[in-house]
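Not measured: the values here are computed from a predicted model. Letters A, B, ... mirror the listed sequences (proteins, then strands); counts begin at 1.
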Amino acid sequence: MSETLLQDLKARGLVAQMTSEDELEKHLADGSVTLYCGFDPTADSLHIGSLVPLLTLKRFQEYGHKPLALVGGATGLIGDPSFKAQERKLNDDSTVAGWVEKLKAQVSAFIDFEAGEKSAEVVNNLDWTQNVNVLSFLRDVGKHFSVNQMIAKESVKQRIDREGEGISFTEFTYMILQSYDFQQLNASHNCTLQIGGSDQWGNITGGTELTRRMNGNQVFGLTLPLITKSDGTKFGKTESGTIWLDANKTSPYAFYQFWLQTADADVYRFLKYFTFLPVAEIDALEKADAERQGRPEAQKVLAEEVTRLVHGESGLMAARRITDALFSGDTSELSEQDYAQIAQDGLPSSALKTGELSETPLTTLLSEAGMAPGGKQVKDALQRNAVIVNGQAHGVEDNMNAPQVFAVEKALYGKYFLVKLGKKKHHLFTLG
RNA sequence: GGUGAGGUUCCCGAGUGGCCAAAGGGAUCAGACUGUAAAUCUGACGCGCGAGCUUCGGUGGUUCGAAUCCACCCCUCACCA
């Protein structure tokens with residue numbers, strides 16, 4: 001690799017801010033550096049918002065550095081106030097402890113633990129926080145923080161300035177805890193770099209400062225950009241909610257579809273953020289797409305690359321299998337095995353109880369199957385003939401006609417009904 | 001503890017006795033056009049196929065009638081102590 005890591009990161013647009021660029025460049029060139037990134041347990045799975053930092057740890061490792069993934073067993077109990085509009089509810093400690101275990105496993109999938117000197121490690125800040133004595137913490141650590149400076153941080157400013165909001169001492173202290181993590185990791189692992197989202201800048205610089213004061217060492221910080229979408233909506237959410245990394249919460253198929261639906265205006269940027277394809281290759285793809293009329297290739301490349309990174313080759317194959325089946329237009333050509341496979345691969349599916357059909361309107365049936373949040377949406381689709389069962393469109397007149405719509409003789413292979421609501425939502429009903 | 005401002009349907013936010021299932025915006029969903037993209041236009045958007053049913057922090061009350069008035073309570077925020 002003739003390019004340096006920092007050059008690559010910059011070319012990808014992955015650097016938001018960093019502490020003293022020249023010195024960091026020199027430091028990284030000097031040899032293997034130990035760096036860390038924290039992930040707080042705020043749910044039982046990470047979502048794609050954490051993907052950029054995770055992949056960045058991996059990028060560092062590929063360039064010969066040693067990544068530490070910190071799981072916030074302690075900080076997760078407090079809650080990071082950075083750029084949060086409101087004070088958050090505290091989660092109880094057994095819940096957080098359970099989440100910590102899940103995150104550990106998830107984070108581990110992205111970095112290499114068998115890489116000699118640069119082997120990754122997972123650490124938990126509860127380990128060095130839980131037995132700290134309040135008084136010594138206040139005297140040894142707290143003394144290094146100026147409340148004036150803390151209040152001035154952009155990340156808490158809106159909470160302090162905004163009419164009608166406030167910040168508890170608990171959340172206000174979060175920054176000190178995170179700073180303490182950096183100082184501890186510097187002492188125990190010779191960790192000299194922290195990376196994180198751009199919202200973490202205040203917390204990270206707090207840590208570099210504390211480490212300098214307590215350990216006398218110069219350490220560095222680098223933040224990654226906030227992922228934005230061209231249409232201004234929040235990245236990582238869809239109609240069905242958050243896109244999680246856990247295959248049980250977001251199936252590889254749904255995950256693949258998420259990336260496939262990326263807007264043209266975002267897709268090349270996302271390729272740089274979320275894949276390991278060389279920047280030159282991405283630029284070439286963009287050029288090729290622009291020259292060719294019609295549908296670009298980029299979304300497909302993005303979906304394949306990211307799905308493979310998160311769910312592996314088998315997850316990707318499953319996602320593609322379903323996608324090909326559902327969007328090729330002609331689902332009647334699918335074999336019986338294909339249907340069995342589709343359900344197993346992650347397409348939402350449910351059993352159909354023939355006995356209850358006469359009592360159940362389609363609106364209830366489909367919304368309860370999870371195809372729509374309420375019967376109203378199904379009704380709306382029915383009025384537009386947008387409900388398609390095994391290739392046949394149905395309108396409102398069939399609403400109370402479930403037994404006919406789902407008549408056994410119409411089932412494919414005697415048991416399957418593939419229902420399509422609108423253009424993108426599919427559900428497989430199985431008799432029995 | 002005191003003073004002030006607040007708590008409305010996913011979010012923001014109007015509404016101060018009937019015309020309120022509750023303005024407007026956002027988000028979301030469906031349709032048209034497309035390329036499973038964007039933009040645009042159309043429709044939906046408490047629940048219910050429907051008759052209808054249940055909402056405006058909570059509980060009681062006034063009234064023919066309450067999101068709106070009264071009492072008490074809970075919660076949030078700001079400032080002061």
**Message:** Taking B/A39 as the reference, what is the distance to B/C45 when you measure between their C1' atoms (whole Å, please)?
**Reply:**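 B/C45 and B/A39 have their C1' atoms separated by 22 Å.
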Just to be sure I understand the rule, does [X] reach a base, reach only the sugar-phosphate, or reach nothing, if contact means heavy atoms closer than 4.0 Å?
| X | result |
| --- | --- |
| A/Gln299 | base |
| A/Ala265 | nothing |
| A/Thr323 | base |
| A/Pro373 | nothing |

Which whole-number value in Å describes the distance from [X] [atom1] to [N] [atom2]?
| X | N | atom1 | atom2 | result |
| --- | --- | --- | --- | --- |
| A/Lys423 | B/U36 | NZ | P | 8 Å |
| A/Glu171 | B/C77 | CD | P | 11 Å |
| A/Glu304 | B/U36 | CD | P | 16 Å |

**Request:** Taking only Lys NZ, Arg NE, NH1 and NH2, and the carboxylate oxygens of Asp or Glu, determine whether A/Arg320 and A/Glu304 approach each other closer than 4.0 Å.
**Result:** yes
**Prompt:** Charged N to carboxylate O below 4.0 Å: is that the case for A/Lys300 and A/Glu297?
**Reply:**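 The answer is no: the pair does not qualify as a salt bridge.
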Would one find a side-chain N or O of [X] under 4.0 angstrom from OP1 or OP2 of [N]?
| X | N | result |
| --- | --- | --- |
| A/Thr364 | B/C49 | yes |
| A/Thr262 | B/A37 | no |
| A/Lys425 | B/A30 | yes |
| A/Arg384 | B/A44 | no |
| A/Lys379 | B/G50 | yes |

Check every atom of [options] against the side chain of [X] and return the nucleotide holding the closest atom.
| X | options | value |
| --- | --- | --- |
| A/Thr363 | B/A30, B/C49, B/U36 | B/C49 |
| A/Lys376 | B/G48, B/A38, B/U36 | B/G48 |
| A/Ala386 | B/C49, B/G31, B/U36 | B/G31 |

**Item:** Qualifying residue for side-chain contact (heavy atoms from CB on, under 4.5 Å) with A/Leu418, from A/Ile388, A/Leu428, A/Ile342
**Value:**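 The single option meeting the side-chain contact (heavy atoms from CB on, under 4.5 Å) with A/Leu418 is A/Leu428.
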**Prompt:** Taking for each residue the nucleotide of RNA chain B bearing the nearest heavy atom, is the 5' side occupied by A/Gly294 or by A/Met400?
**Reply:**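 Upstream on the strand: A/Gly294.
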**Item:** Residue met sooner reading RNA chain B from 5', once A/Asp264 and A/Gln377 are mapped to nucleotides
**Value:**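 This one resolves to A/Gln377.
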**Asked** Below 6.0 angstrom between ring centroids: does that apply to A/Phe235 and A/Phe274?
**Response** yes
**Asked** Are the aromatic ring centres of A/Tyr180 and A/His144 under 6.0 angstrom apart?
**Response**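 Aromatic pair excluded; centres sit 6.0 Å or further apart.
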